[in-house]
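Here's the structure we're looking at; comments come further down.
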Amino acid sequence: MAEVKGLLSRARLVTLTGPGGVGKSRLALRLAEDLRRAFPDGVWLVKLAELDDDSLVARAVASSLQLRDRTARAPEDVLVDHLADKQLLLVLDNCEHLRDACGYLVATLLEAAPKLHVLATSREPLMIGGEHIWQVPPMSVPTDNTLVQGTAREYEALKLFEDRASAVNPEFTLGPDNEQTVARLCGRLDGLPLAIELAAVLMRALSVEQILARLKDRYRLLTEGKRAGLPRHQTLRAAMEWSFDLCTQQEQVLWSRLSVFPGEFDIEAAQQVCTDDGLSPDEVFMGVVGLVEKSILIREQHHVGSRYRFLSTIRDFGHEQLGTDGALAALRRKHRDYYLDLAEQADANWFGPHQLQWFSRLQLDQASLWAALEYCLTEPGEARAGLRMAGALWFYWVACSSPQEGREWLDRALTLDLQPSQERTKALWVNGYLAIRQGDTDAALSMLNECSRLARALDDQAALAHAAQLLGHAELVSNNLTKAVPLLEQALSQERALGRPSTHLATALFRLALARCLTGDADRGLSLCQECEKLCRAHGEQWSRSWMLWILAVIRWTQGDLQHMTAHLRECLRIERPLSDPLNIALCVEALAWVEARNGNGERAAELLAASHKLWRPLGEYLLGFHHYMDWHNQCEAHARRAVGDKAFEASYQHGAGHTVDEIVVRALNEKTVAVSGSQAESAAGIHALLTPREREVAQLVAQGLSNKEIAAHLAIKRRTAESHIEHILTKLGFTSRGRIAALFWEQQRG
């Protein structure tokens, strides 16, 4: 309300937009009540919902203003004369089905009456000059169905449900026994006030658990509302049908087809999946624009460009309109084909300068990638494509996502398609790789040996090389150096023989470098790292380079060169921050603790050790169970305890355990004392290195002038989370004001 009031003080036309049931009219009515004193000639409400003829709009406005003109003049002329010197606020409620007539009239009146202000509500903008659009967001709900106990009433959706439910069931109140279920219910309803109110009515006869369990077909369940309301607000289905009827035929078809996307998508994806003989790519493009204007689709701006999504309530309605099972099957197949191709493009282009863009793209498209995989693994005859897709995403499972998530998909695909194939060999070495990262080396060795046998039978030289390398890696982390070194030497020769630069060649170099270092040949290790560094720099590869830096730090540790070790670790962390590979980040934080302990900084070492433990908890066995790392860890802890005493050590340890991951990285980098606001922070590359993908999104919105609340609404996060992101951005860039963030981004754009 405060933001819209401020906007109305600067602009003469403000249109509240948003999907049906989001609360546009209620917000406008409350604003009208609060703004009465600001307009000497009053605040006047014009209800347009019941009109169905453009020619009646001006008459409705005149009637609401209580004008009684008995001449033959047109109502527009009567309004112009009456409002010419008036300072009033005109509230036009529900303009969407009369948009052209409303737009024409408002433009005419604003030109003729310089003190007139108009507040409109509409599912799509009026599209006239001077219009300021304010998107009404759904009510706040806990993200990811998580709720901290005792905070339920901090969320608008939960407060609304409690208020409406207690009206029909006086015994109902939010509390520890039901707040998690209410949070899940409100999340499933997208925080839409209309849907929440309709669900609350059911509390007369059902419990919250029963409502949630029956919500799969929300349009049949939520059919009882306030009979005094508008017909389209009496049931959720009626609200959706009203919106559907306002769309053109092409927009209706597109709405239903786009429901195949379970999450965000971009224009290219929409055109590839939804185009056919009856809908051209240009028509899909214009249809997306129209659905955004009508508040059916939500547009979100990311650093990769504009992307679009439905509220799940709106998507489900579109899904119902698809009609035949054949239409859905064809769409799901086209959707799968698009995302299978995307995964294979990413695989082919991962080793190169666009690595971070691919990482970000796959994160944004994760919901659709998972839906495409599910199609492959549930549709008869598609399991081989599932192996292809799960294998193509290998670097995403390894570097960006959860190894367990990847293993679950790969296990399913490998079980469904047992026939010898190159797709199977790839899936086996990828799954073995993930098992190593989880510390499950027995399973890894079994899969990698099977991969080797199958690759020899199929003469798959690439799979043979990768399997040999990963077998060496598994033996290395299992502390079998005598087996690891020859396997890794063999793998490096095989990778070189393939004749192409790749991530696999880079990893073969730095893995052998570590093994040679641990056998006492540090010079060979340094030489291999230098070769890996040259390869990565030549191709703009960052992820492999970050791991090479970790190995280089370990070599420096064995040489007692703590200064260079620290520099390598911090450079590694700066590369890893946007990539967010949790394993490498955890190892770097751990090793920085070793340095602090060796330097006698026991309290600092304790803090970093606690942070390392926290980072390792979701990753599996601590330090992969690798004896060398564990020995160095134990020496570090002993040094730190001797330096400061057990009491001070434990106090610092508890302090370190309380930090978030972002805070851990910032403190590990010592960024409050290391200058980051010079050439590094003043360049686009510096920002990409210093900020996470989410922080870059927040920084761009800050640069666009959005408030903390607007940023939170735009990104569907809590306001406190947005504020925390901004604090981290300021700290990392060495800035003290939001203005510096904005100036930096605009300067880059001009450059």
Side-chain angles (χ1 to χ4, degrees), residues 439 476-477 479 481 510-511 513-520 522 525-526 529 546-577 581-617 619-646 648-657 659 661 663-674:
L476 179 63
V477 299
N479 307 293
L481 282 173
F510 67 65
R511 284 177 179 140
L514 176 60
R516 283 301 184 188
C517 164
L518 296 177
T519 58
L526 285 173
C529 282
S546 73
W547 275 99
M548 181 278 303
L549 286 165
W550 157 252
I551 303 301
L552 198 53
V554 171
I555 295 172
R556 297 301 187 189
W557 170 255
T558 63
Q559 295 176 322
D561 186 350
L562 301 187
Q563 183 177 359
H564 281 102
M565 177 186 181
T566 302
H568 296 325
L569 291 171
R570 287 182 171 162
E571 186 177 2
C572 178
L573 273 179
R574 291 190 182 99
I575 293 172
E576 279 293 355
R577 178 182 279 157
D581 184 342
L583 187 61
N584 206 359
I585 291 172
L587 285 170
C588 286
V589 172
E590 171 76 24
L592 285 168
W594 305 344
V595 174
E596 296 292 352
R598 184 72 64 86
N599 286 333
N601 301 323
E603 292 180 344
R604 174 81 169 141
E607 185 178 325
L608 289 169
L609 284 175
S612 172
H613 271 285
K614 183 174 183 176
L615 292 169
W616 273 100
R617 277 189 209 113
L619 298 180
E621 189 173 2
Y622 191 65
L623 293 175
L624 300 171
F626 194 31
H627 288 180
H628 293 275
Y629 296 168
M630 291 301 299
D631 288 345
W632 294 330
H633 167 87
N634 293 333
Q635 293 169 20
C636 163
E637 183 171 339
H639 278 304
R641 286 185 182 275
R642 282 197 300 270
V644 297
D646 287 342
F649 180 93
E650 294 298 339
S652 296
Y653 193 93
Q654 292 301 318
H655 181 66
H659 295 313
V661 175
E663 289 167 343
I664 288 169
V665 174
V666 168
R667 294 179 71 82
L669 288 170
N670 202 20
E671 286 185 335
K672 290 189 177 181
T673 57
V674 175

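In this chain, residues are counted from 1 in sequence order. Predicted model only: the values in this text are computed from it and were never measured.
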Could you please spell out the steps behind the side chain to side chain contact (heavy atoms under 4.5 Å, CB included) verdict for Cys529 and Ile551?
CA-CA 8 Å; Cys529 282; Ile551 303 301; 4.1 Å; yes
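- Scored by the side chain to side chain donor-acceptor pair (under 3.5 Å) test, Glu650 finds Arg641 as partners (sequence neighbours excluded).
- Under the 6.0 Å cut-off for aromatic ring centres, His633 and His628 do not qualify, their centroids lying 6.0 Å or more apart.
- Note that the NE2 atom of His639 and the CZ atom of Arg642 stand 5.5 Å from one another [nearest 0.5 Å].
- Proximity of Met565 to Trp594: side-chain heavy atoms (C-beta onward) are separated by under 4.5 Å at one or more points.
- Ring centers of Tyr629 and Trp616: at least 6.0 Å apart, outside the cut-off.
- Across Cys572 and Cys588, no two heavy atoms sit closer than the pair SG-SG, 3.3 Å.
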Donor-acceptor list for residues 595-602 side chains, cut-off 3.5 Å, not counting sequence neighbours:
residue	atom	partner	partner atom	Å
Glu596	OE1	Asn601	ND2	2.7
Asn599	ND2	Val595	O	3.4

Side chain to side chain contact (heavy atoms under 4.5 Å, CB included), that's the test. Do Trp550 and Ile585 meet it? Break it down for me.
CA-CA 10 Å; Trp550 157 252; Ile585 291 172; over 6 Å; no
Would Tyr622 and His613 satisfy side chain to side chain contact (heavy atoms under 4.5 Å, CB included), going step by step from the backbone distance to the final call?
CA-CA 8 Å; Tyr622 191 65; His613 271 285; 3.7 Å; yes
Hey, mind stepping through Glu576 and Ser546 against side-chain hydrogen bond (donor to acceptor under 3.5 Å, both in side chains) and telling me if it holds?
CA-CA 7 Å; Glu576 279 293 355; Ser546 73; 2.7 Å; yes
Can you check side chain to side chain contact (heavy atoms under 4.5 Å, CB included) on Lys614 and Val589, steps first, answer last?
CA-CA 11 Å; Lys614 183 174 183 176; Val589 172; over 6 Å; no
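- Residue Leu569 holds its CG atom at 9.0 Å from CG of Asn584, rounded to the nearest 0.5 Å.
- The nearest pair of heavy atoms linking Leu619 to Ala586 is CD1-CB, 4.0 Å.
- Summarising the geometry, atom CG belonging to Leu481 is positioned 10.0 Å from atom CZ belonging to Arg516; distances are rounded to the nearest 0.5 Å.
- A heavy-atom distance below 4.5 Å is found between the side chains of His659 and Glu607.
- Closest approach of Ala605 and Ala640 over heavy atoms only: CB-CB, 4.0 Å.
- Distance CZ/Arg570 to CG/Leu592: 6.0 Å, rounded to 0.5 Å.
- The shortest heavy-atom contact between Phe626 and Leu476 is CE1-O, 2.9 Å.
- A donor-acceptor pair under 3.5 Å links the side-chain atoms of Thr558 to the main chain of Ile555, judged by distance alone.
- From Leu669, atom CG reaches atom OG1 of Thr566 across 11.5 Å, with rounding to the nearest 0.5 Å.
- The two atoms that bring Met630 and Leu623 nearest to each other are SD-CD1, 3.7 Å, heavy atoms only.
- Within the 4.5 Å cutoff, no side-chain heavy atoms of Leu552 are placed close to those of Phe510.
- Counting non-hydrogen atoms of other residues, nucleotides and ligands closer than 6.0 Å to NE2 of His627 gives a total of 12 or fewer.
- Side-chain contact between Tyr653 and Leu608 is absent, with no heavy atoms from C-beta onward closer than 4.5 Å.
- A distance of 11.0 Å separates CD1 of Ile664 from CG of Leu573, quoted to the nearest 0.5 Å.
- Shown here for Cys636 and Ala593, the closest heavy-atom pair between the two residues is SG-O, 3.4 Å.
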